[in-house]
Amino acid sequence: MASCVARRALAVGSRWWSRSLTAARGSRPLCAAGGAGAFPLVATTTSRRHLSSRNRPEGKVLETVGVFEVPKQNGKYETGQLFLHSVFGYRGVVLFPWQARLYDRDVASATPEKAENPAGHGSKEVKGKTHTYYQVLIDARDCPHISQRSQTEAVTFLANHDDSRALYAIPGLDYVSHEDILPYTSTDQVPIQHELFERFLLYDQTKAPPFVARETLRAWQEKNHPWLELSDVHRETTENIRVTVIPFYMGMREAQNSHVYWWRYCIRLENLDSDVVQLRERHWRIFSLSGTLETVRGRGVVGREPVLSKEQPAFQYSSHVSLQASSGHMWGTFRFERPDGSHFDVRIPPFSLESNKDEKTPPSGLHW
């Protein structure tokens, strides 16, 4: 019997999707169009009919979007693969993969305790392992539903040289880990609404997936590679709160007769437990190769104090840091509050800020 999945999970949270897909990942195949393990994906759309139920908003009906496929346990997804994000629930399409080094302190081999050094390294020897991420486009129709849980303009670039602090973003561009991809197929020739979809991808029904890269996408990837590249991912869990950090080098600018190096970093917070917690404070330590050590404290992150619950277990955001040195380190803690008013600190895994030695001029606009 086929299982229908409602798009209302966009507003409800990722765990709903994960539970719905359990059968597709298990040993019992599901019978539906699209083959074993696949089943219909449906979306809510506005209608004149008035429906009222806990799982279907009033004025909404279900409309078929596509057919789920079995997630890949091995290998990579190809350019043009349609997917649903398993954590944030949005529809998207894969542009191209990145091979990153994942430094997971939860599985690192423990060594004797050491005092924290200026570089921010803790008490574990962490060895990286290769992990696949994807550059993706987010369906613009889903952005309003996820904006409170994940920034949809998080991929930023340095702007022109006239203003050393000016940034610009490409809306609806994201990085997604392999395990967060829930693949599906669609008969729609333009299944994702994004201004770059048809500029980057061409429909070809003889291919699987039926969307192939245009020369525009290949040229854009090559020209912007230094500022898009995802190379290192850092992860650590404290009291069932997992923190994942991905740093990106953005380039160097000259300001007041000195060089200023810029990085952005993307952070994802995930509550792996059923208890509700709320982020209250951040505490950063930033070490520069020039020898300076800066401490930053503040309320929440990016002006928010997100609540992580069983229904909405994750929050993702991006921020920026600049140094007057070509490299450095960052580490710190997030302070969370429980419903009873007690607090606990969650470690932010230390990560390096490295610049590109063969640096070219950062983009001053969208390069094609």
Side-chain angles (χ1 to χ4, degrees), residues 98 100-101 103 115-122 135 151-171 173-175 219-234 245-267 281-304 316-334 348-368:
W98 292 109
R101 297 294 293 174
Y103 298 91
E116 183 181 73
N117 58 49
H121 296 292
Q135 196 86 66
Q151 294 171 322
T152 57
E153 296 187 1
V155 181
T156 54
F157 300 87
L158 289 177
N160 59 61
H161 286 269
D162 296 333
D163 185 348
S164 63
R165 298 179 60 86
L167 303 172
Y168 73 92
I170 301 178
L173 192 64
D174 200 4
Y175 295 85
W220 181 79
Q221 179 185 4
E222 180 180 354
K223 290 181 179 180
N224 295 282
H225 182 278
W227 327 113
L228 290 170
E229 183 180 14
L230 186 161
S231 57
D232 295 332
V233 180
H234 304 266
V245 184
I246 308 176
F248 299 88
Y249 178 58
M250 299 179 67
M252 182 269 293
R253 289 286 189 254
E254 293 186 8
Q256 299 178 347
N257 298 320
S258 65
H259 291 168
V260 179
Y261 297 83
W262 283 84
W263 292 264
R264 75 175 182 273
Y265 53 92
C266 177
I267 292 187
E281 299 176 14
R282 68 188 186 278
H283 176 202
W284 282 106
R285 303 191 76 184
I286 306 168
F287 175 75
S288 170
L289 186 63
S290 63
T292 61
L293 179 61
E294 182 181 2
T295 297
V296 178
R297 292 181 181 271
R299 297 286 297 181
V301 291
V302 293
R304 301 182 187 178
Q316 182 170 293
Y317 76 97
S318 289
S319 191
H320 305 85
V321 62
S322 62
L323 300 176
Q324 291 185 337
S326 59
S327 65
H329 289 83
M330 290 180 65
W331 69 99
T333 56
F334 291 121
I348 304 171
F351 58 96
S352 298
L353 302 172
E354 302 291 346
S355 59
N356 297 342
K357 295 181 180 179
D358 55 344
E359 181 178 344
K360 300 177 182 178
T361 302
S364 57
L366 191 60
H367 282 226
W368 304 105

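This chain uses plain numbering: 1 for the first residue, then up along the sequence. Both backbone and side-chain heavy atoms feed into the values below; hydrogens, waters and symmetry mates do not.
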Mind checking the [atom1]-[atom2] spacing from [X] to [Y]? Nearest 0.5 Å is all I need.
X    : Y    : atom1 : atom2 : answer
R264 : H320 : CZ    : NE2   : 7.0 Å
F287 : H329 : CZ    : NE2   : 8.0 Å
L167 : L158 : CG    : CG    : 6.0 Å
Q324 : S288 : CD    : OG    : 8.0 Å

Counting C-beta onward and ignoring hydrogens, is there a side-chain heavy-atom pair between [X] and [Y] closer than 4.5 Å?
X    : Y    : answer
D174 : Q316 : yes
W262 : T156 : no
L323 : L289 : no
Q151 : V302 : yes
I348 : W284 : yes
E294 : V296 : yes
S322 : M250 : no
E354 : D232 : no

task: Evaluate the side chain to side chain contact (heavy atoms under 4.5 Å, CB included) criterion for residues H259 and E254: first the C-alpha distance (whole Å), next the side-chain angles of each, then the deciding distance (0.1 Å), finally the verdict.
output: CA-CA 5 Å; H259 291 168; E254 293 186 8; 3.6 Å; yes
task: Report yes if the distance between the aromatic ring centroids of F351 and W263 is under 6.0 Å, otherwise no.
output: no
field: Donor-acceptor pair, side chain of Y175 and main chain of L228, under 3.5 angstrom
entry: yes
- prompt: Can you tell me if R282 uses its side chain to pair, donor with acceptor, with the backbone of R299 under 3.5 Å?
  reply: yes
- request: Establish, from distance only, whether the side-chain atoms of E229 and W98 form a donor-acceptor pair under 3.5 Å.
  value: no
Ring geometry between W227 and Y249 (parallel below 30°, tilted from 30 to 60°, perpendicular above 60°): tilted
- request: Let me see the working for I267 and F334 under side chain to side chain contact (heavy atoms under 4.5 Å, CB included), right down to the final yes or no.
  value: CA-CA 11 Å; I267 292 187; F334 291 121; 4.0 Å; yes
message: Tell me if the CD atom of E281 is crowded by more than 12 foreign heavy atoms within 6.0 Å.
response: yes
- line: Closest non-hydrogen atoms of Y261 and S355, given as atom of the first, atom of the second and distance, are CD2-CB, 4.1 Å
Heavy-atom closest contact (P247 atom, S352 atom, distance): CG-O, 3.9 Å
